[in-house]
2 protein chains.
Amino acid sequence: MDATRQPDLTRQRILEAGFAEIHRHGFQAASVANILADTGLTKGALYHHFPSKKDLGLAVVDEMVGVALVERYVRPLRDAAHPAQALIELIGMKQGISEEFIRLGCPLNNLMQEMSPVDEAFRDRLNRILIQWQEAFEEALRRAQMAGEIRGEVNCHAAALFIVSAWEGCTGVAKNMQSVEAFRACMSQLQGYVASLLKTS
Amino acid sequence: MDATRQPDLTRQRILEAGFAEIHRHGFQAASVANILADTGLTKGALYHHFPSKKDLGLAVVDEMVGVALVERYVRPLRDAAHPAQALIELIGMKQGISEEFIRLGCPLNNLMQEMSPVDEAFRDRLNRILIQWQEAFEEALRRAQMAGEIRGEVNCHAAALFIVSAWEGCTGVAKNMQSVEAFRACMSQLQGYVASLLKTS
DNA sequence: CGAATTACATACCGACCGGTATGCACGCGT
DNA sequence: ACGCGTGCATACCGGTCGGTATGTAATTCG
């Protein structure tokens, strides 16, 4: 019952504490000592499961950030019967935009801004996640276009890229302003953009 | 002629080298030693002109980032005879988007994402610059609205906030993708958004 | 049941980091 | 011309960083 020796659970705890620390301070400023303090573990444990701080960071990107994005955005859109409506609702969703999340910003965006010019491995992994996100939007737009809901001349690829960019921009600006209200106003404008792609029936 | 003892020029050199170092590595990862190596100066010089690394960073924000933004965006829009057209042209400008700038990203955006949750003084200064930028857009939109070029029901404040956000989002995503082409495509979509605010005469 | 491997804990290391105390030469005011 | 403050250079400090070498239980496997 005392649950001694559960290596994969230990690894998961390190990943979660690592994600929180990186979310708070960024990767470079993230302290291995803080992560260990949060988990109650020691360096031996961490460097047994991960060869280096960088490898831990990359694992956090793949197994925490990437997985969360797929669950929250990619899958719901893929399973949506009415993709255009689902996309607009997703942009306007009010769940999961706590003050804390506004303060700390989008983990994906934070890491992209910090690590892209600094480390190619990070850039590559983050870019894969970003493209996954963009493709989820693009697919939704294309399906809506097929269904005749979106105007035929709309460039779904470019529009999806813009939605992702504007989304990250909104979270970034809201983070600086520390204002959930600004975030809502900004995302509302993004909703308007998507609506402008629809056919004016 | 050897120009010994020019304190304000020395200060300016420190500011410029500090800006470059911060632009490359972010503020927290910026190394004072690197700045000194770039300028050929020593710690005595830097800490004579600036009480701390943080004060240097804040000075860089105010005197480099802030000033550049006013010169490039605020002033041109204020002096424009046709603000709506000027805004659209500004978004589509092709000057000053070198590969290097795409790789390193927008200095304002970089610092906002990194420092906003970490340091209130940084957040405050950066926010002032951001609001200055937003207000320049808002003023241009409002003038265009007065002139009858933009539809009356457009919320110029929210639209300006969105343009700033989307702009930063585009630079951020382009930075991660390391693609000037993606940046152009993204900004082109932003142009489309602004155009959608115009009256369809 | 013994041996080998896994899963950690402990102690320690060199490399930077920002910051400071001190020294000194130039230039300006009087 | 002389003194004093400004404008730097040099040397040094404590602290934190990521990383490693070693030790030692617990688990697994033959």
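Each chain gets a letter, A, B and so on, in the order its sequence line appears, and its residues count up from 1. As a basis for the values below, the full set of heavy atoms in this structure was taken, side chains included, without hydrogen atoms, waters or symmetry mates.
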May I have the distance from [X] (atom [atom1]) to [N] (atom [atom2]), rounded to whole angstrom?
{"X": "B/His25", "N": "C/dC17", "atom1": "NE2", "atom2": "P", "result": "10 Å"}
{"X": "B/Lys53", "N": "C/dC16", "atom1": "NZ", "atom2": "C1'", "result": "12 Å"}
{"X": "B/Leu36", "N": "D/dC8", "atom1": "CG", "atom2": "P", "result": "13 Å"}
{"X": "B/His48", "N": "C/dT20", "atom1": "NE2", "atom2": "C1'", "result": "15 Å"}
{"X": "A/Asp55", "N": "D/dG19", "atom1": "CG", "atom2": "C1'", "result": "13 Å"}
{"X": "B/Leu41", "N": "D/dG7", "atom1": "CG", "atom2": "P", "result": "13 Å"}
{"X": "A/Ile35", "N": "D/dC17", "atom1": "CD1", "atom2": "P", "result": "11 Å"}
{"X": "B/Asn34", "N": "C/dG18", "atom1": "CG", "atom2": "P", "result": "9 Å"}

Counting side-chain heavy atoms from CB outward, which of [options] is closest to [X]?
{"X": "A/His49", "options": "C/dT20, C/dC8, D/dC17", "value": "C/dC8"}
{"X": "B/Tyr47", "options": "C/dA11, C/dG18, D/dC8", "value": "C/dG18"}
{"X": "B/Thr42", "options": "D/dT27, D/dA9, D/dG18", "value": "D/dA9"}
{"X": "B/Ser52", "options": "C/dG19, C/dC8, D/dG18", "value": "C/dG19"}
{"X": "A/Val32", "options": "C/dC17, D/dG18, C/dA7", "value": "D/dG18"}
{"X": "A/Ser31", "options": "C/dC8, D/dG18, C/dG19", "value": "D/dG18"}

Discussion item. Please confirm whether the ring centroid of B/Tyr193 lies under 6.0 Å from the ring centroid of A/Phe162.
Written reply: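 B/Tyr193 vs A/Phe162: aromatic centres not under 6.0 Å.
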
Worksheet item: Given the side-chain rings of A/Tyr73 and A/Trp167, with only the six-membered ring counted for Trp, is the space between their centroids under 6.0 Å?
Response: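 Aromatic pair counts; centres sit under 6.0 Å.
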
Item to complete: Decide yes or no on side-chain contact (heavy atoms from CB on, under 4.5 Å) for A/Val32 and A/Tyr47, but give the supporting numbers first.
Response: CA-CA 10 Å; A/Val32 170; A/Tyr47 282 96; 4.2 Å; yes

Practice prompt. Step by step, work out the salt bridge (Lys or Arg N to Asp or Glu O under 4.0 Å) result for B/Arg24 and B/Asp38.
Written response: CA-CA 13 Å; B/Arg24 275 193 291 265; B/Asp38 286 354; 3.2 Å; yes

Item to complete: Indicate, with a heavy-atom threshold strictly under 4.0 Å, whether B/Ala30 touches base, sugar-phosphate, or nothing.
Response: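 It contacts sugar-phosphate atoms only.
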
Worksheet item: Is there a donor N/O on one and an acceptor N/O on the other, under 3.5 Å, for the side chain of A/Arg11 and the base of C/dA7?
Response: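 There is none.
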
Worksheet entry | Residue-phosphate contact under 4.0 Å: B/Thr10 side-chain N/O, D/dC8 OP1/OP2 |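 Affirmative; the distance criterion is met.
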
Worksheet item: With no hydrogens and no angle check, do the side chains of B/Asn109 and B/Lys175 hold a donor and an acceptor under 3.5 Å apart?
Response: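 No donor-acceptor contact under 3.5 Å links the two side chains.
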
